[in-house]
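Each chain gets a letter, A, B and so on, in the order its sequence line appears, and its residues count up from 1. If you're wondering where the values come from, they're calculated on a predicted model, not measured in any experiment.
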Amino acid sequence: MDIFKENLISFIIPFIKEKNKRDIDPQEAEKLIKTPPDSSYGDYSVASYYLTKYGFKGKAEDAASELLNYAQANFEQIKDFFSKIEIKGPYVNFFVHKEKFIGVIVKNVLKDNGNYGRGLPRKPEKVIIDFSSPNIAKPFGVGHLRSTVIGMSLANIYEFCGHNVLKINYLGDFGTQFGKVITAFCRYNIDFSEFEKDPVKVLYNLYVTIHKEAEGNEDIERDARDIFKKLEESLIKKNPSGLEDYLNFLGTRAGFPGVFTSALDYGRGQLNINPENKSSFCDSDEGQFILWETFRNLSIEEFKRIYELMGIRFDDYEGEAESGIFSGEMVKILLESGFAAESEGAIIVPLKDIKTPALIAKSDGTSLYLSRDIVTAVLRMAKYNYDKMIYVVGSEQSLHFNQLFNIFDLLRDSKDKLNNNPFFQKYASSVSGRLVHVKFGRIIGMSTRKGNLVFLEDYIDEASKRAAEKLKERDVVSNSAGTVTGFSGNDENKKDIFTLDEKESTALKIGIGAVIFNDLKTRRNTDVNFNWDNVLSFEGQTGPYLQYTVSRINSLIARLIKGNDNGVSPVENRVNDAELNAAAGIKETGTPFDNTAAVSERDNDFNEIYLIVKQISVFKDNIEAALNLNEPSIISSYILELASLFNKYYQNYRLIGRDYEYIKPRLYLLRAIKIVLINALKLLCMPVLERM
RNA sequence: GCGUUCAUAGCUCAGUUGGAUAGAGCAACAGCCUUCUAAGCUGUGGGUCGCAGGUUCGAAUCCUGCUGGACGCACCA
């Protein structure tokens, strides 16, 4: 919120208090202030419909004219900030002092720079964001991309708003599916040279093949389950400590041997498996365990390479295996305390709101997705004592999370039943109310030409290739004078500005930008209709458009500072407080404003500049909305609008050739726009380019 | 069948949480580069906000029903 709105809020509070005979705090009063749909109506408005909720009797129009009378009588109090008040039907519209508004906002942006828009919550929370979470032995597909970019963006947003964020990648490294992969690995012939080159792809193909074969073959399913059972048993045997000791360890962080505290601590497996020694791995439980470790590590290395490429970082890698170790013990506790019951040989937790049984153990006693998630939430509570934990997972898993959350509600509501297991009770009963499922829609209709799963890397490659083509097109521009190298002019600045390496990395960043923004631009809950033409078009509401806008501002600023050949003197490249204040028309001491505004209301570009600055001023509000709704797309829409406003301005008003006094405040404005664009792009994990 | 979720321009989507005249981008058409990067800008056309009721000063937004789509529903994750 800007100081103009703050001023208005404290201005109307006494009025409402008097009429309402009741205290009203600023947050409540803020809700009365709306932004009119068109700035010609004013900058802020109070719709009198709302006033009727505060003790005003009669028609809204009458309340409006009462407010107008009050405002006019006391105009003195706000005259530094507002220039005009108008009434239009039931609306009372306030017009800010635009020159001052521009000055103040631009100055704030330049002063705060990378921190512009940053917020400080009343109470910083410890927030765990669990996202990406790919399955090992499967390639990183576009399905995981959504979780990855939404999660990473949310992490950035929470951090920017002052919370303590922990980014966790919860690897799908456990379960019957690995029984299947091991079965397949041992059953089929492996092309080991291929396996060395791209192990994850080989493992994925094995999984696909065995999955198909298993459809008409009960034996394969059974074998896979058996192998998984032995895998889980081996893991438990290797980690003999009980849940109680482990929770105590996590709670106190005392030294504790034996159990993994991070997925990266797991064994590395055996990296030189070959046709000669393959059967020695397949034939023993220990060997199969080593295979599992090996597949895990190969996958993690592959994931890390892709994260690196996209600029994604995690604070911790965890794995389902860690929770799998303790799943059996947890189930036992829930059975003894009466939360769980046996049903058809398996163990379930009966829930009153959800009919679908919540399965927490299979009939063979092994763990399930749900049971591992229960354990994980408890382990993390001991480890981190989080205030909030966000799962960024597709909406198709809503039922799973509803079951999970309902189980923790039960554990809280009937926590006395856990009295016999205080170590478990301590953590499990406080989980409820802190878990959030941030779900997102599916990506529909994405397939390769062969109709298969699209690998993320191929997707990025495709986009980068397209970007490289566009960069190349710009190398040679033909015009009426013939063919010229280097954009459309003969300015030395622009000739051959890219080395070959630079061109390649630029194309890659554009490609990544296109891919990421395509996923973050729509509200996360809607399914994304995938369409190659849409993704590979870089015009309009796209990532490259935003990156281009930043590059364009850079280029313009550089030219303004340098001056040009037409005898225009260069503009000084100085930003210090005195300069800023002068540019903003602000006196540092005494009254907040003086009468000299740097951009004048008489300038023909004034209104466009004002609209840009107005958009800049609501950056923080948008970040807060994005945080409250866990919705990065709010920021996407926001910068698209800002970029569009700038591009319109750029196209319609020319700066080069104007005199110094005219250019200077606009140079500050350009810097402010750039700062906001970059801050926003960073929140969306978009690569920022200096030039393109 | 039960549950979750969605339906806004030809296509892809916004829509300030119930407010002023429903907005963008693609695509189509007509323009704008010897002067700040045309991945841009300007203009034109394009709407029964799925359908029917209800709630009230006021509904794309809230409630009910219907239609249509997506997803989920016992030992996968």
Fill in the dot-bracket string of RNA chain B, one character per base: . for unpaired, | for a pair to another strand, ( ) or [ ] for pairs within the strand, taking Watson-Crick or G-U pairs under 3.5 Å.
(((((((..((((.....[...)))).(((((.......))))).....(((((..]....))))))))))))....
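- Within the structure, salt bridge (Lys or Arg N to Asp or Glu O under 4.0 Å) pairs that include any residue of residues 342-351 of chain A do not occur (at least two apart or interchain).
- Every residue was checked against the salt bridge (Lys or Arg N to Asp or Glu O under 4.0 Å) condition with A:E396, not counting sequence neighbours, and none meets it.
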Restricting both atoms to N or O, compile the protein contacts to nucleotides 42-46 of chain B shorter than 3.5 Å, with distance only.
none

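- Partners of A:S367 by side chain to side chain donor-acceptor pair (under 3.5 Å), not counting sequence neighbours, listed by chain and number: A:E232, A:R372.
- With sequence neighbours excluded, the residues that form a side chain to side chain donor-acceptor pair (under 3.5 Å) with A:S371 are A:S327.
- Taking the nucleotide of RNA chain B with the nearest heavy atom to each of A:Y41 and A:R654, the more 5' of the two is matched to A:Y41.
- Applying the side chain to side chain donor-acceptor pair (under 3.5 Å) criterion to A:E631, with sequence neighbours excluded, gives A:S633.
- Each salt bridge (Lys or Arg N to Asp or Glu O under 4.0 Å) pair with one or both residues in residues 521-545 of chain A, not counting sequence neighbours, appears once here: A:K470-A:E539.
- Across all strands, A:L368 comes closer than 4.0 Å only to sugar-phosphate atoms, never to a base (heavy-atom distances).
- Counting non-hydrogen atoms under 4.0 angstrom, A:Y545 reaches the backbone sugars and phosphates but no base.
- Residues passing the side chain to side chain contact (heavy atoms under 4.5 Å, CB included) test with A:V200, sequence neighbours excluded: A:P139, A:D198, A:S299, A:E302.
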Letter per nucleotide, 5' to 3', of nucleotides 13-19 of chain B [B base touched, S only sugar-phosphate touched, - untouched; heavy atoms, 4.0 Å]
SSSBB-B
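- Applying the salt bridge (Lys or Arg N to Asp or Glu O under 4.0 Å) rule to A:K503 yields the partners A:D475; only residues at least two apart in sequence or on another chain are considered.
- Scored by the side chain to side chain donor-acceptor pair (under 3.5 Å) test, A:D605 finds A:Y649, A:Y662, A:R666 as partners (sequence neighbours excluded).
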